[in-house]
Amino acid sequence: MTNQNAGIIGMGHAFPSGILTNADLEKIVDTTDDWITTRTGIRQRHKAAENEYTSQFAVKAANQALERAGLKAEAIEIIVCATTTPDQIMPSTGALIQAQIGATNAAGMDIFAACSGFLYGLTMVESMIRTGQIKYALVIGAEVLTKYVDYTDRSTCVIFSDGAGAAVLAPVAEDKGILATKIRSDGRYEEQLYAPGGGTKLGTSHATINDGMHFFKMKGNELFKVAVRSMAEVSREVLEKAGYTVDDLKFVIPHQANQRITDAVAQKLGVSDEKVYSNIAEHGNTSSASIPIAIDECLQSGKIKEGDLVLLTAFGGGATWGSTLIRF
Ligand code: UT7
């Protein structure tokens with residue numbers, strides 16, 4: 001069996017053009033710019049139009065990632081789309097992306113792991129490349145969360161946003177790429193962030209729609225504590241597994257859930273604020289898309305350079321969480 005490191009060789013990201021500022025939200029829900037900025041760090045979020053949907057942003061991000069990797073879509077063997085907001089329940093968004101980008105030799109699929117989905121995808125694909133099962137893969141985080149947000153529920157509608165980020169994964173040199181990765185879940189936290197309606201348990205009906213059961217429901221402050229503890233714990237585990245400490249890190253890219261969560265994770269890990277990436281003020285919480293979007297921004301701005309050791313960490317509904325250590 002081969003033992004080949006897998007790394008990111010191209011990234012891309014995309015957003016809808018619509019923007020919802022804190023001032024816009026002040027007009028439709030009982031909130032203030034001051035509350036949102038202080039409690040979340042968010043100043044604006046992206047919002048898809050009625051006729052826009054998840055795979056459109058995923059395709060833009062994927063095509064950009066392929067171009068930067070210098071690869072044709074036909075070279076891709078697996079497309080993993082991490083999303084909690086698929087275009088439709090069937091077929092998978094991964095399969096729809098496959099058709100739209102012309103990845104005729106790939107298998108497309110979805111991963112449902114909320115905000116940790118991109119790290120779940122990286123972890124799965126890493127092992128397929130490591131063992132020589134495949135050579136090239138696309139891992140995408142793509143969401144249109146604003147279509148699942150109840151704009152009368154002020155504790156959820158202020159944070160969620162829309163967008164997509166994509167990464168092309170390929171075999172890389174022995175000291176590069178994904179050095180360690182770990183994913184976890186605990187379904188006992190189901191009701192801390194969930195959309196109860198529309199599945200086989202509570203199928204779509206006039207009653208479920210009238211009761212808003214298709215919207216995301218979140219006990220944000222309870223989730224907050226679990227998020228901070230879990231991300232810090234799994235980050236330490238991954239660093240230890242690879243034989244590194246936080247001092248070796250160039251950068252930490254956490255899922256952009258809430259600026260206060262990011263600050264608390266950094267403090268728990270003992271990492272200075274300058275080493276922790278944040279774009280939540282401009283982009284809000286894009287769930288599975290937030291980490292690939294952030295990586296791409298860091299690569300494009302030169303914040304991350306070849307050889308840098310970067311820790312990714314995420315937490316989301318499920319609960320799900322994970323960390324991935326990458327040398328670029
Ligand atoms: O993406 C991964 C999964 N999601 C997360 O990790 C989200 C984690 N949680 C959070 O980001 C935060 O918990 C929220 C931003 C959702 C809420 O912030 P918080 O500081 O935890 O507020 P809270 O829920 O404890 O509420 C405090 C107060 C309450 O009022 P009372 O009962 O003290 O009078 C809320 O009703 O703030 C009120 N409140 C608001 N006030 C103005 C909640 N949302 C708002 C709002 N504007 N938008």
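Starting from 1, each residue takes its place in the sequence as its number. None of the values given here were measured: they were computed from a predicted structure.
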### Query
Is any side-chain heavy atom of Arg130 less than 4.5 Å from a side-chain heavy atom of Asn5?
yes
### Summary
Nearest heavy-atom contact between Met218 and Thr156 is CB-CG2, 3.6 Å
#### Entry: Arg45/Asn22 under side-chain hydrogen bond (donor to acceptor under 3.5 Å, both in side chains): CA gap, chis, key distance, verdict
CA-CA 8 Å; Arg45 67 273 314 128; Asn22 291 353; 2.9 Å; yes
### Task
In sequence, state the C-alpha distance, the side-chain angles, and the governing distance for Val226 and Gln192, and then conclude on side chain to side chain contact (heavy atoms under 4.5 Å, CB included).
CA-CA 10 Å; Val226 192; Gln192 294 206 352; 4.2 Å; yes
### Message
In this structure, would Met11 and Ile293 fall into the same cluster of hydrophobic residues linked by side-chain contacts under 4.5 Å?
### Response
no
### Query
Salt bridge or not for Glu306 and Lys176, using N-O below 4.0 Å?
yes
### Message
Please say yes or no: joined through hydrophobic side-chain contacts below 4.5 Å, possibly via intermediate residues, are Ile9 and Ile140 part of one cluster?
### Response
yes
### Task
Taking Ser127 for its side chain and Met124 for its backbone only, find out whether a donor-acceptor pair lies under 3.5 Å.
yes
### Query
Out of curiosity, Leu249 CG to Arg327 CZ, how far, rounded to the nearest 0.5 Å?
9.5 Å
### Query
Does Lys182 NZ have over 12 foreign heavy atoms under 6.0 Å away?
no
### Query
Transitively linked via ILVMFWY side-chain contacts under 4.5 Å: Val228 with Met231?
yes
#### Entry: Shortest non-hydrogen contact between Asp87 and Ser55, atoms and distance
OD2-OG, 2.6 Å
### Message
If we ignore hydrogens and angles and just use 3.5 Å, is the side chain of Thr2 paired with the main-chain N or O of Gln4 as donor and acceptor?
### Response
no
#### Entry: Donor-acceptor pair, side chain of Lys250 and main chain of Gly307, under 3.5 angstrom
no
### Query
Looking at CG of Asp30 and CG of Asp153, how far apart are the two atoms once the value is rounded to the nearest 0.5 Å?
12.0 Å
### Query
Should we count CD of Glu240 as having more than 12 external heavy atoms under 6.0 Å?
no
### Query
Would Phe224 end up clustered with Val276 when hydrophobic side chains under 4.5 Å apart are linked, directly or stepwise?
yes
### Message
Within the 4.5 Å heavy-atom criterion, are Trp321 and Ile183 side-chain neighbours or not?
### Response
no
### Task
Sort out for me which residue in Thr54, Thr286, Thr146 forms a side chain to side chain donor-acceptor pair (under 3.5 Å) with Asp162.
Thr146
### Query
Take atom NZ in Lys60; do more than 12 heavy atoms of anything else shown fall under 6.0 Å from it?
no
### Message
As a quick check of understanding, evaluate side-chain hydrogen bond (donor to acceptor under 3.5 Å, both in side chains) for Ser323 and Ser235, giving each step before the final call.
### Response
CA-CA 5 Å; Ser323 282; Ser235 293; 3.0 Å; yes
### Side-chain donor/acceptor of Ser230 to backbone N/O of Ala227, under 3.5 Å
no
### Query
Can you name the closest pair of heavy atoms from Ile159 and Ala257 and give their distance?
CD1-O, 4.4 Å
### Check against side chain to side chain contact (heavy atoms under 4.5 Å, CB included), Leu269 and Arg236
CA-CA 8 Å; Leu269 282 176; Arg236 282 207 198 89; 3.9 Å; yes
#### Entry: CG on Leu145 to NE2 on His46, rounded to 0.5 Å
12.0 Å
### Task
Side-chain contact test, heavy atoms from C-beta onward, threshold under 4.5 Å: evaluate it for Glu297 versus His283 and give yes or no.
yes
### Query
Which distance, rounded to the nearest 0.5 Å, do you find between the CD1 of Ile19 and the CG of Asp24?
9.5 Å
### Query
What closest approach, in Å, do Ala61 and His13 show between heavy atoms, and which atom pair accounts for it?
CB-CA, 3.7 Å
### Query
For atom CZ of Arg43, is the number of surrounding heavy atoms from other residues, nucleotides or ligands below 6.0 Å larger than 12?
no
### Test log, rule side chain to side chain contact (heavy atoms under 4.5 Å, CB included), inputs Phe216 and Thr85
CA-CA 11 Å; Phe216 288 157; Thr85 53; 4.1 Å; yes
### Side-chain heavy-atom pair Asp33, Glu26 within 4.5 angstrom cut-off
yes
### Task
Look only at the side chain of Glu143 and the backbone of Gly141, and say whether a donor-acceptor pair between them is shorter than 3.5 Å.
no
### Message
Using side-chain heavy atoms (C-beta onward) and a distance below 4.5 Å, is Ile253 in contact with Leu311?
### Response
no
### Query
Near Lys268 NZ, under 6.0 Å, is it more than 12 heavy atoms from other residues, nucleotides or ligands?
no
### Message
Between Asn258 (side chain only) and Arg39 (backbone N and O only), is there a donor and an acceptor less than 3.5 Å apart?
### Response
yes
### Worked verdict on Gln259 versus Asp263 for side-chain hydrogen bond (donor to acceptor under 3.5 Å, both in side chains)
CA-CA 6 Å; Gln259 187 58 45; Asp263 294 344; 2.8 Å; yes
### Query
Heavy-atom distance under 4.5 Å between the side chains of Phe251 and Leu309, does that happen here?
no
### Query
Counting only heavy atoms not in Gln300, do more than 12 fall under 6.0 Å of its CD?
yes
### Task
Take Asn285 and Ser287 through the test side-chain hydrogen bond (donor to acceptor under 3.5 Å, both in side chains) and record every step on the way to the result.
CA-CA 6 Å; Asn285 179 338; Ser287 188; 5.2 Å; no
### Task
Evaluate the criterion side chain to side chain contact (heavy atoms under 4.5 Å, CB included) for residue pair Thr313 and Ile291; output intermediate values, then yes/no.
CA-CA 8 Å; Thr313 187; Ile291 289 182; over 6 Å; no
#### Entry: Short N-O contact, Lys303 and Asp308, less than 4.0 angstrom
no
### Query
What closest approach, in Å, do Tyr120 and Ser185 show between heavy atoms, and which atom pair accounts for it?
OH-CB, 3.4 Å
### CD-CD1 distance between Gln100 and Ile79, expressed to the nearest 0.5 angstrom
10.0 Å
### Query
Hey, are the side chains of His255 and Leu312 touching, using non-hydrogen atoms and a 4.5 Å cut-off?
no
### Message
Hydrophobic clusters here meaning ILVMFWY residues chained together by side-chain heavy-atom distances under 4.5 Å, can you tell me if Phe57 and Val149 are in one?
### Response
no
### Message
When you measure from the side chain of Gln98 to the backbone of Ala106, do you find a donor-acceptor pair of N or O atoms at a distance under 3.5 Å?
### Response
yes
### Residue among Ile134, Leu138, Asn105 satisfying side-chain contact (heavy atoms from CB on, under 4.5 Å) with Ile76
Leu138
### Summary
In short, Leu25 meets Val158 closest at the heavy-atom pair CD1-CA, 3.8 Å
### Distance-only side-chain donor-acceptor flag, Asp150 / Thr152, under 3.5 Å
yes
### Message
How long is the straight-line distance from OH of Tyr136 back to CG of Leu66, given to the nearest 0.5 Å?
### Response
11.5 Å
### Within 6.0 angstrom of Lys135 NZ, more than 12 heavy atoms from elsewhere
no
### Query
Does a side-chain heavy-atom distance below 4.5 Å link Ile209 with Thr204?
yes
### Heavy atoms of other groups near Gln267 CD, more than 12 under 6.0 Å
no
### Query
Under 6.0 Å between ring centres, would you say that holds for Tyr148 and Phe215?
no
